[in-house]
Amino acid sequence: MDDTDRALIRLLRADARMSNAKLAEAVGLSASACLRRLRLLEHRGVIRGYTVVLEEAPAREGVVVIVQITLERQTDEHLKRFELAVRRCPEVRECYLMTGIADYLLRVEARDAADYERIHKEALSRMPGVARIQSSFAIRSVIRG
C-alpha cells in the first residue's frame, strides 16, 4: 500500500459514495487507474465493503450497553464457539476480540434496562464458555463513525 492507496481510503472513509471520477481527480489518477486500484484493494481485503451510517436514534428510543465478556478458556475452539453464538444475537451490533482483562468487547443495543436484562439473561449468559459479563450503560455518544 502506498500514499495514493492511503489517500483513496481516507477519502472513501469520509464519503464512500464519492464518484470514481471525483475520487480519481482528488488523488491525481485517471478514472480507470483509480478504479483498478480500488478493485485491487477490495480483492486484497483491505476494503472489505461499503456501508451506510444511520443517524443515531434519540436516547429515549433505546440504550447502548458496552459489555465486556470473559471466557472460561481462551482456546481456539472456545473462541470460535463464542463468536458463532454472538453473531446470532441481533442486539449485538459490534463485537471485538480484545487483549487485556476481558476477552471480548460488545456494543449491545436494547430498548431499555429491562430489555437489556432480558438480553443478558436469555442470550449473553447462555453463550458458550462465558465466565464473566461486565456491563456499562452509555450516557450518550460523543464520537461515532
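Along the sequence shown, residues carry numbers from 1. All of these numbers come straight from a predicted model, not from anything done at the bench.
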Ile47 and Leu38: side-chain contact (heavy atoms from CB on, under 4.5 Å), yes or no, with the steps? CA-CA 8 Å; Ile47 297 175; Leu38 286 176; 4.1 Å; yes
I'd like to know whether Ile69 forms a side-chain contact (heavy atoms from CB on, under 4.5 Å) with Phe82, so could you lay out the CA-CA distance, the side-chain angles of the two residues, the decisive distance to 0.1 Å, and finally the verdict. CA-CA 10 Å; Ile69 301 279; Phe82 175 81; 3.9 Å; yes
Given Met1 and Leu41, is the side-chain contact (heavy atoms from CB on, under 4.5 Å) satisfied, shown in steps? CA-CA 9 Å; Met1 215 162 70; Leu41 289 169; 4.2 Å; yes
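Taking CD of Gln134 as the start and CD1 of Ile66 as the end, the distance is 12.0 Å to the nearest 0.5 Å. Atoms CG and CZ, from Leu23 and Arg37 in turn, are 11.0 Å apart once rounded to the nearest 0.5 Å. With values rounded to the nearest 0.5 angstrom, Glu91 atom CD is found 11.5 Å from Leu106 atom CG. One distance of note links CD of Glu83 with CZ of Arg88; it measures 12.5 Å at 0.5 Å rounding. In this structure, CZ on Arg126 lies 8.5 Å from NZ on Lys121, to the nearest 0.5 angstrom.
Residue Asp103 forms a side-chain hydrogen bond (donor to acceptor under 3.5 Å, both in side chains) with just one option from Gln68, Gln74, His78, and that option is Gln74.
In terms of the side-chain hydrogen bond (donor to acceptor under 3.5 Å, both in side chains) criterion, residue partners of Asp115 (sequence neighbours excluded) are, by chain and number, Arg111, Arg118.
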Without placing hydrogens or testing angles, list every side-chain donor-acceptor pair under 3.5 Å for residues 8-18, not counting sequence neighbours.
residue : atom : partner : partner atom : Å
Asp15   : OD1  : Arg17   : N            : 3.0
Asp15   : OD1  : Met18   : N            : 3.4

Got a list of side-chain donor-acceptor pairs under 3.5 Å for residues 26-36, not counting sequence neighbours?
residue : atom : partner : partner atom : Å
Ser30   : OG   : Ser32   : OG           : 3.4
Ser30   : OG   : Ala33   : N            : 3.1

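Taking the six-membered ring for Trp and thresholds of 30 and 60 degrees, Phe137 and Tyr116 have ring planes more than 60 degrees apart, a perpendicular arrangement.
In the displayed structure, Asp3 atom CG is contacted under 6.0 Å by at most 12 heavy atoms of other residues, nucleotides or ligands. Within a 6.0 Å radius of CZ in Arg73, other residues, nucleotides and ligands contribute 12 heavy atoms or fewer. The environment of Arg93 atom CZ is dense: over 12 non-hydrogen atoms of other residues, nucleotides or ligands sit within 6.0 angstrom.
Salt bridge Arg39/Glu42: present, at least one basic N to carboxylate O contact under 4.0 Å.
Closest approach of Met127 and Cys89 over heavy atoms only: CE-CB, 3.8 Å.
Put simply, Val92 and Leu97 are part of the same group of oily side chains (I, L, V, M, F, W, Y) that touch within less than 4.5 Å, one to the next. Residues Val46 and Tyr50 are members of one and the same hydrophobic cluster, defined by side-chain heavy-atom contacts under 4.5 angstrom among Ile, Leu, Val, Met, Phe, Trp and Tyr. Linking Ile, Leu, Val, Met, Phe, Trp and Tyr whenever their side-chain heavy atoms come within less than 4.5 Å leaves Leu71 and Ile101 in two separate clusters.
A donor-acceptor contact shorter than 3.5 Å is absent between the side chain of Ser135 and the backbone of Val67. In this structure, the side chain of Arg107 does not engage the main chain of Val64 through any donor-acceptor pair within 3.5 Å.
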